[in-house]
2 protein chains.
Amino acid sequence: MRIGELARLTGCEVETIRYYEREGLLDKPQRTLAGYRAYRHEHVAQLNFVRHCRSLGMTLAEIRLLQDYRAHPERTCEVVNRLLDTQIERVREQIAALHLLEQQLRALRERCHEGHAARDCGILQGLEQAAEGSECPCHGRKRATGAEEQARG
Amino acid sequence: MRIGELARLTGCEVETIRYYEREGLLDKPQRTLAGYRAYRHEHVAQLNFVRHCRSLGMTLAEIRLLQDYRAHPERTCEVVNRLLDTQIERVREQIAALHLLEQQLRALRERCHEGHAARDCGILQGLEQAAEGSECPCHGRKRATGAEEQARG
DNA sequence: TGGAAACCCTGTAGCAACTACAGGGTCAAG
DNA sequence: CTTGACCCTGTAGTTGCTACAGGGTTTCCA
């Protein structure tokens with residue numbers, strides 16, 4: 001099958017498939033005489049593996065590592081377990097940071113309800129006070145929440 | 001004050017300050033004879049404002065927009081309110097996606113407890129089954145959860 | 001048979017929000 | 001007078017894609 005069909009089968013964009021190949025996440029397929037990539041069934045499974053891992057929030061480097069373990073089944077899977085633990089911890093931290101963030105945003109939103117002049121807007125005032133006062137620890141020194149790291153990629 | 005002190009006062013890296021200036025988020029300061037940036041108290045407040053907004057997950061474009069409203073207090077703050085609403089909605093969606101993700105990761109982690117050979121690792125098996133089976137909707141077609149979008153920038 | 005649409009190729013540049021140099025100049029202390 | 005800490009500009013890297021530009025190929029329909 002050609003790249004377009006692989007894309008349709010996996011729900012992955014053509015450009016992304018070529019990107020994964022460049023990054024060594026997808027084996028290089030054979031080529032037709034015209035230079036087209038010719039994929040086989042294994043490629044579908046391999047690409048699905050990558051997409052599944054990505055949907056679990058893993059980085060491409062981590063996925064490469066997992067593929068390494070698929071290729072060497074005699075090694076212990078210690079590292080795989082660590083990877084999952086790290087991943088779960090990461091997600092937990094993100095959730096906690098986002099909960100905090102939501103509270104802050106809601107508190108800020110509470111300060112303005114109807115459309116009026118920006119000079120009287122409680123939200124803008126709130127943002128300015130937070131910036132000027134030193135009693136706002138949310139963005140100072142070494143980041144406290146880490147909220148800014150994931151709150152938008 | 002010079003850029004290093006501003007960095008210390010705001011907990012923001014020197015390179016980031018210069019980056020914000022280039023991006024138009026921080027007013028260009030005067031220069032000393034040697035060409036060094038000379039900041040004043042207003043710059044501290046301005047930079048804190050930016051950092052605070054960033055810690056609330058806003059993009060640089062959104063912060064520029066807010067600064068625009070600070071500069072034009074006669075406008076209505078309708079847009080500011082919309083921005084906050086969007087932001088809150090964004091955070092809520094991210095939290096939901098991450099909860100789902102955590103469940104999936106925990107289920108996967110359950111499949112392997114002690115270090116043994118990778119060939120017998122329930123986690124790797126789980127990942128492969130998910131990739132091969134068509135009954136796994138988490139990464140197929142048009143993305144269902146959107147988890148991959150924020151689960152690591 | 002011809003021509004248009006749909007597909008494929010490589011290579012490069014863009015996105016966001018920084019971060020990290022390289023290769024210089026300046027300044028204060030000892 | 002030299003060492004080290006600081007500052008400058010400019011450019012390239014990061015992550016995981018996405019979007020061209022500027023070509024070639026294949027397929028379908030008339």
Side-chain angles (χ1 to χ4, degrees), chain A residues 1-26 28-39 43 47 50-65 87 90 94 139 142-143 146-153, chain B residues 1-26 28-39 43 47 50-65 87 90 94 139 142-143 146-153:
Chain A
M1 88 193 66
R2 297 192 307 195
I3 199 168
E5 199 184 339
L6 180 61
R8 268 187 300 279
L9 279 176
T10 57
C12 184
E13 298 220 19
V14 166
E15 315 265 31
T16 307
I17 294 174
R18 286 198 279 249
Y19 171 69
Y20 287 160
E21 182 183 320
R22 275 203 303 284
E23 292 295 305
L25 286 154
L26 194 57
K28 286 182 199 253
Q30 289 201 292
R31 298 288 183 127
T32 67
L33 289 175
Y36 287 14
R37 290 171 177 82
Y39 291 104
H43 288 103
L47 182 51
V50 173
R51 295 307 288 168
H52 184 65
C53 292
R54 284 292 299 132
S55 81
L56 292 174
M58 295 177 195
T59 66
L60 299 191
E62 288 166 339
I63 298 169
R64 251 188 299 263
L65 195 145
Q87 185 66 11
R90 217 148 73 186
Q94 286 175 12
H139 58 279
K142 292 300 147 204
R143 50 195 50 148
E148 63 266 41
E149 249 123 87
Q150 33 57 52
R152 195 71 174 173
Chain B
M1 88 193 67
R2 296 191 309 194
I3 199 168
E5 199 184 338
L6 180 60
R8 267 188 300 278
L9 280 177
T10 56
C12 184
E13 297 219 21
V14 166
E15 316 264 31
T16 306
I17 295 174
R18 286 197 279 248
Y19 171 68
Y20 286 161
E21 182 183 320
R22 275 202 305 282
E23 293 294 305
L25 286 155
L26 194 56
K28 286 182 198 253
Q30 290 202 287
R31 297 289 184 127
T32 68
L33 290 175
Y36 288 13
R37 289 171 178 81
Y39 291 102
H43 288 103
L47 182 50
V50 174
R51 293 309 287 168
H52 184 66
C53 291
R54 284 292 298 131
S55 81
L56 292 175
M58 295 176 195
T59 65
L60 299 192
E62 288 166 340
I63 299 169
R64 250 188 301 261
L65 195 145
Q87 185 67 10
R90 215 147 75 188
Q94 285 175 13
H139 58 278
K142 292 301 148 204
R143 50 192 52 144
E148 64 266 41
E149 249 123 86
Q150 33 57 53
R152 193 73 173 173

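All chains are named by letter (A, B, ...) in the order of the sequence lines, taking the proteins before the strands, and each is independently numbered beginning at 1.
Across all non-hydrogen atoms, the minimal contact from B:Leu60 to B:Tyr20 is CD2-CE2, 4.0 Å. Residues A:Leu25 and A:Val50 approach most closely at O-CG2, 3.8 Å, considering heavy atoms.
Residue A:Arg18 places no side-chain N or O under 4.0 Å from the OP1 or OP2 atom of C:dG11. Between C:dC8 and A:Arg37, no contact under 4.0 Å exists linking OP1 or OP2 to a side-chain N or O. Look at B:Tyr20 and you won't find any side-chain N or O under 4.0 angstrom from OP1 or OP2 of C:dA17. Within the structure, a side-chain polar atom (N or O) of B:Thr16 is placed less than 4.0 Å from OP1 or OP2 of C:dT19. Under 4.0 angstrom from either OP1 or OP2 of D:dT18 there lies no side-chain N or O belonging to A:Arg22.
A:Arg51 places no side-chain N or O within 3.5 Å of a backbone atom of A:Ser55 that could act as its donor or acceptor partner. At least one donor-acceptor pair under 3.5 Å links the side chain of A:Glu62 to the backbone N or O of A:Thr59. With hydrogens and angles disregarded, a donor-acceptor distance shorter than 3.5 Å links the side chain of B:Arg64 to the backbone of B:Glu23. In terms of modelled atom types and a separation under 3.5 Å, the side chain of A:Gln87 and the main chain of A:Gly57 share a donor-acceptor contact. Remark: the backbone N or O of A:Gln94 is not paired with any side-chain donor or acceptor of A:Arg90 at under 3.5 angstrom.
Side-chain atoms of A:Glu13 lie closest to D:dT18 of the nucleotides C:dC18, C:dC21, D:dT18. Side-chain proximity of A:Ile3 to the nucleotides C:dC8, C:dT19, D:dC8 is greatest for C:dC8. When distances run from any side-chain atom of A:Arg31 to the nucleotides C:dC18, C:dC9, D:dC8, the shortest one goes to C:dC9. Distances were taken from every side-chain heavy atom of A:Glu15 (C-beta onward) to each of D:dG16, C:dC21, D:dT18; the shortest belongs to D:dT18. Closest contact between the side chain of A:Arg8 and the listed nucleotides D:dC17, C:dC21, C:dC7 involves C:dC7.
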Distances under 3.5 Å between nitrogen or oxygen atoms of protein and nucleotides 24-30 of chain C:
unit_1 : atom_1 : unit_2  : atom_2 : d
C:dG25 : N2     : B:Tyr36 : OH     : 2.8
C:dT26 : O4'    : B:Tyr36 : OH     : 3.2

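If you measure from atom CD1 of A:Ile17 to atom P of C:dC7, you get 14 Å, rounded to the nearest angstrom. Rounded to whole angstrom, the span from the CD1 atom of B:Ile63 across to the P atom of C:dA16 amounts to 13 Å. Rounded to whole Å, the distance from CG on B:Leu60 to C1' on C:dC15 is 12 Å. Taking atom CE of A:Met1 as the reference point, atom C1' of C:dC7 lies 16 Å away to the nearest angstrom. With rounding to whole Å, B:Arg54 atom CZ is found 14 Å from C:dT19 atom C1'. The interatomic distance linking B:Leu56 (CG) with C:dA17 (P) rounds to 14 Å, in whole Å. Separating the NZ atom of B:Lys28 from the C1' atom of D:dC8 is a distance of 14 Å, rounded to the nearest angstrom. One interatomic measurement links the two molecules: CD of B:Glu21 to P of D:dC7, which rounds to 14 Å at whole-angstrom precision.
Here A:Arg18 does not pair with A:Glu21 in a salt bridge; the nearest charged N to carboxylate O distance is not below 4.0 Å.
Checking B:Val14 against A:Arg64, the closest nucleotide of DNA chain D that is more toward the 5' end is the one next to B:Val14.
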